[in-house]
Peer 1: 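Next up is a structure, given as structure tokens.
Just so it is clear, the model here is predicted, and its values are computed rather than measured. The first residue in the sequence is number 1, and the count goes up from there.
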Amino acid sequence: METTKHSFAYWQWRTIFGTMIGYAVFYFVRKNLSFAIPGLTAEYGISKAALGAILAIVSIVYGVSKLVNGFLADRINGRWHMVAGLSVCTLVNVLFGFGALICAYFVGADYGPVFTNSLIVLFGILLVVNNIFQGCGFPPCNRLMTHWVPPHELSTKMSIWNTSHSIGAFVAAVLCGFIMGHFGTDQSGNEALRERVIENTKSVTASMDPVSAQNYVDGMLQHYGAWQWAFWIPAAIAALGVIFIIIVLRDTPKSVGLPELPGTVKSGKSKEESKAHRKFIIEHVIKSKIVWILALADFFVYVVRMAVLDWGPTFLQENRGLTPTAAASVVAVFEVFGIIGMLSAGIITDKLFKGRGQRTSVFCMLGVVLFISAFCFFPVETDPLLLCGFLICAGFFLYGPQALIGVIASNQVTRRGASSALGIIGFVSYIAPIVSGYVFGILADTPAVGWEGVFKIMIAVAIAGGLTMAVLWNVKADAYEIPAAVKETDILREDSNDD
């Protein structure tokens with residue numbers, strides 16, 4: 001018995017850290033586009049509105065992919081599910097790097113409206129494919145976690161696991177920031193290219209003083225073509241990640257000769273089991289008020305989070321005068337504070353609120369509102385270090401709800417439907433980039449609104465997220481001990497004696 005206990009603990013932590021690293025690598029071949037955007041704008045004149053539209057479309061695709069893969073993840077091997085997704089994303093990112101060469105070959109020119117439009121179409125297609133298979137990242141990880149971690153430990157250990165989001169985004173930010181500031185070829189002596197870059201970056205440099213505008217153009221010319229390496233190098237790392245997942249992960253305790261956690265139900269081996277599983281998913285996941293409330297809350301959280309990640313590097317360079325490396329560093333530190341925030345939120349949820357992550361999330365969203373408000377309303381002349389500090393502190397509070405919403409959903413529908421619930425929540429949350437990507441991209445380019453207006457909208461969205469989580473304040477910590485006959489309305493109406 002003692003040997004089995006130690007063996008289970010070993011495989012549990014191996015699964016936790018293995019999936020953390022595996023999922024973090026997905027970010028290398030997903031968030032690198034954000035750091036390539038300034039280079040693509042400078043070299044080819046692709047507008048933020050066009051890129052924002054692409055980001056919005058592919059994020060919907062990613063949301064649909066998470067929905068589909070969420071239902072699949074409850075039925076298939078999590079290890080090979082991840083391997084398939086990351087392998088395709090690796091190949092797609094290699095093609096991203098060769099995008100300009102591919103378009104030049106078919107169009108017969110390496111610049112001009114026809115070339116640029118072709119490049120936008122190609123990037124759009126590649127991003128759609130990439131995001132379809134990015135959906136093979138989180139759902140199988142959630143399946144693995146709920147099969148290896150009991151519900152009373154899930155908030156803390158899932159919060160530890162959720163740092164993989166920030167670890168991946170942090171390392172990707174540092175790596176891509178370094179690439180954009182050190183790779184590429186020096187074209188500063190090419191006057192024709194200089195004129196082209198000046199023309200393409202007019203909307204960016206218009207608000208800068210002459211010296212800053214000159215430095216911005218010089219930086220783009222000194223690292224001309226660096227954006228390609230922002231795809232190729234992460235792709236090489238992702239290829240190693242595929243090998244790592246194959247070696248380290250296994251699907252369930254049973255696959256390594258260990259007993260399954262109590263309450264685990266194997267579905268799909270017979271018609272009767274498949275029918276029972278479908279009925280459970282429909283009744284306890286698809287029709288669950290709690291799942292849909294959490295999905296709405298996650299939508300609001302993701303609008304704020306994706307706005308910072310997608311537009312953060314561009315905003316900090318255009319509006320605060322930071323260099324590409326400095327802007328990437330701020331986004332990276334934002335992620336570090338997010339890691340600390342996630343871990344803190346998980347511990348507080350288990351220790352103080354007895355597993356009720358929704359209560360922790362309400363206080364976290366209040367912190368997001370306060371610090372984004374400070375970032376927005378302090379004068380532009382304020383020390384950039386202080387303003388960036390406000391944004392970083394907002395990250396500390398923002399990532400708590402982002403981690404806990406999945407835990408709340410998993411505990412409410414039990415591990416039998418956890419990945420399916422997360423699929424629904426993921427689908428709704430990734431409609432968010434319609435706002436954070438396309439709408440914010442247009443508003444940022446609109447003189448009457450600009451970045452200040454964008455951040456005011458983010459404040460309103462954060463308030464809405466906190467109020468939505470507050471609706472679930474009295475929901476029980478989990479549904480594992482609730483008889484099947486008890487209706488969801490009874491779950492929502494918690495016994496006052498529990499307080």
Peer 1: Phe371 vs Phe397 aromatic rings, parallel, tilted or perpendicular, using cut-offs 30° and 60°?
Peer 2: parallel
Peer 1: Can you check whether Phe96 reaches Asn32 side chain to side chain, under 4.5 Å on heavy atoms?
Peer 2: no
Peer 1: Checking Arg305 side chain against Leu398 main chain: does a donor-acceptor pair fall under 3.5 Å?
Peer 2: no
Peer 1: Would you mind reporting whether Met220 and Pro38 have side-chain heavy atoms less than 4.5 Å apart?
Peer 2: yes
Peer 1: Taking the side chain as everything from C-beta on, heavy atoms only, tell me whether Arg356 gets closer than 4.5 Å to Thr349.
Peer 2: no
Peer 1: Calculate, to the nearest 0.5 Å, the distance between atoms CD1 and CG belonging to Ile459 and Leu370 respectively.
Peer 2: 10.0 Å
Peer 1: Just how far is it from atom OH of Tyr23 to atom CD1 of Ile245, taken to the nearest 0.5 Å?
Peer 2: 12.0 Å
Peer 1: Between Arg30 and Phe26, is NZ or CZ placed under 6.0 angstrom from the six-membered ring centre and within 45° of the ring axis?
Peer 2: no
Peer 1: Taking all atoms of both residues into account, what is the closest heavy-atom pair of Ser361 and Pro401, and its distance?
Peer 2: OG-CA, 3.7 Å
Peer 1: Taking atom CD of Gln134 and atom CG of Asn69, what is their separation to the nearest 0.5 Å?
Peer 2: 11.0 Å
Peer 1: Ring centres under 6.0 Å, that's the criterion: do Phe17 and Trp161 meet it?
Peer 2: no
Peer 1: Are the side chains of Met365 and Thr468 in touch, meaning some heavy atoms are under 4.5 Å apart?
Peer 2: no
Peer 1: To check you understand the geometry: which heavy-atom pair defines the closest contact between Ala230 and Met180, and what is its length?
Peer 2: CB-SD, 4.3 Å
Peer 1: Answer yes or no: are there more than 12 heavy-atom neighbours, outside Phe396 itself, under 6.0 Å from its atom CZ?
Peer 2: yes
Peer 1: Between Phe353 and Phe363, what is the ring plane arrangement, given parallel below 30°, perpendicular above 60°, and tilted in between?
Peer 2: parallel
Peer 1: Is a side-chain N or O of Asn93 found less than 3.5 angstrom from the main chain of Val29, in a donor-acceptor match?
Peer 2: yes
Peer 1: Quick one: closest heavy-atom pair of Gly400 and Cys364, and the distance?
Peer 2: CA-SG, 4.4 Å
Peer 1: Check for a donor-acceptor pair, side chain of Asp298 on one end and backbone N or O of Leu294 on the other, with a separation under 3.5 Å.
Peer 2: no
Peer 1: Could you label the plane-to-plane angle of the Trp229 and Trp232 rings as parallel, tilted or perpendicular, counting under 30° as parallel and over 60° as perpendicular?
Peer 2: perpendicular
Peer 1: Does the side chain of Met469 reach to within under 4.5 Å of the side chain of Ile408, using non-hydrogen atoms?
Peer 2: yes
Peer 1: Passes side chain to side chain contact (heavy atoms under 4.5 Å, CB included), Phe300 versus Val303? Steps please.
Peer 2: CA-CA 5 Å; Phe300 294 130; Val303 168; 5.5 Å; no
Peer 1: If you take all heavy atoms of Met342 and Tyr399, which pair is closest and at what distance?
Peer 2: CG-O, 2.9 Å
Peer 1: Yes or no on side chain to side chain contact (heavy atoms under 4.5 Å, CB included) for Phe231 and Leu33, after CA distance, side-chain angles and deciding distance?
Peer 2: CA-CA 8 Å; Phe231 291 110; Leu33 174 64; 4.0 Å; yes
Peer 1: With a 3.5 Å distance limit and no angle check, can you tell me whether Ser65 reaches the backbone of Val61 through a side-chain donor-acceptor pair?
Peer 2: no
Peer 1: Measure the CH2-CD1 distance between Trp292 and Ile286 for me, rounded to the nearest 0.5 Å.
Peer 2: 8.0 Å
Peer 1: Check step by step if side chain to side chain contact (heavy atoms under 4.5 Å, CB included) holds for Met82 and Leu86.
Peer 2: CA-CA 6 Å; Met82 290 183 71; Leu86 189 56; over 6 Å; no
Peer 1: Let me confirm one number: the CD1-CZ distance from Ile120 to Phe123, rounded to the nearest 0.5 Å.
Peer 2: 10.0 Å
Peer 1: Side chains of Asn474 and Arg359: donor-acceptor distance under 3.5 Å anywhere?
Peer 2: yes
Peer 1: Verify, without hydrogens or angle tests, whether His223 (side chain) and Phe183 (backbone) share a donor-acceptor contact under 3.5 angstrom.
Peer 2: yes
Peer 1: If you round to the nearest 0.5 Å, how far is SG of Cys89 from OH of Tyr27?
Peer 2: 12.5 Å
Peer 1: I need the minimum non-hydrogen distance between Val369 and Ala462, along with the two atoms involved.
Peer 2: CG2-CB, 3.7 Å
Peer 1: Do Gln358 and Trp473 have a side chain donor and acceptor closer than 3.5 Å?
Peer 2: no
Peer 1: Answer with yes or no whether the side chains of Lys157 and Gln12 bring together a donor and an acceptor at under 3.5 Å.
Peer 2: yes
Peer 1: Are Met458 and Val454 packed together at the side-chain level, in the sense that at least one heavy-atom pair is separated by less than 4.5 angstrom?
Peer 2: yes
Peer 1: Quick one, Met20 with Ile160, criterion side chain to side chain contact (heavy atoms under 4.5 Å, CB included). Give me CA distance, side-chain angles, the key distance, then yes/no.
Peer 2: CA-CA 9 Å; Met20 283 176 66; Ile160 294 173; 4.1 Å; yes
Peer 1: Taking C-beta and beyond as the side chain, do Cys176 and Phe28 meet within less than 4.5 Å on heavy atoms?
Peer 2: no
Peer 1: Please give me the minimum heavy-atom distance between Ala84 and Phe133, naming the atom from each residue.
Peer 2: O-CD2, 4.3 Å
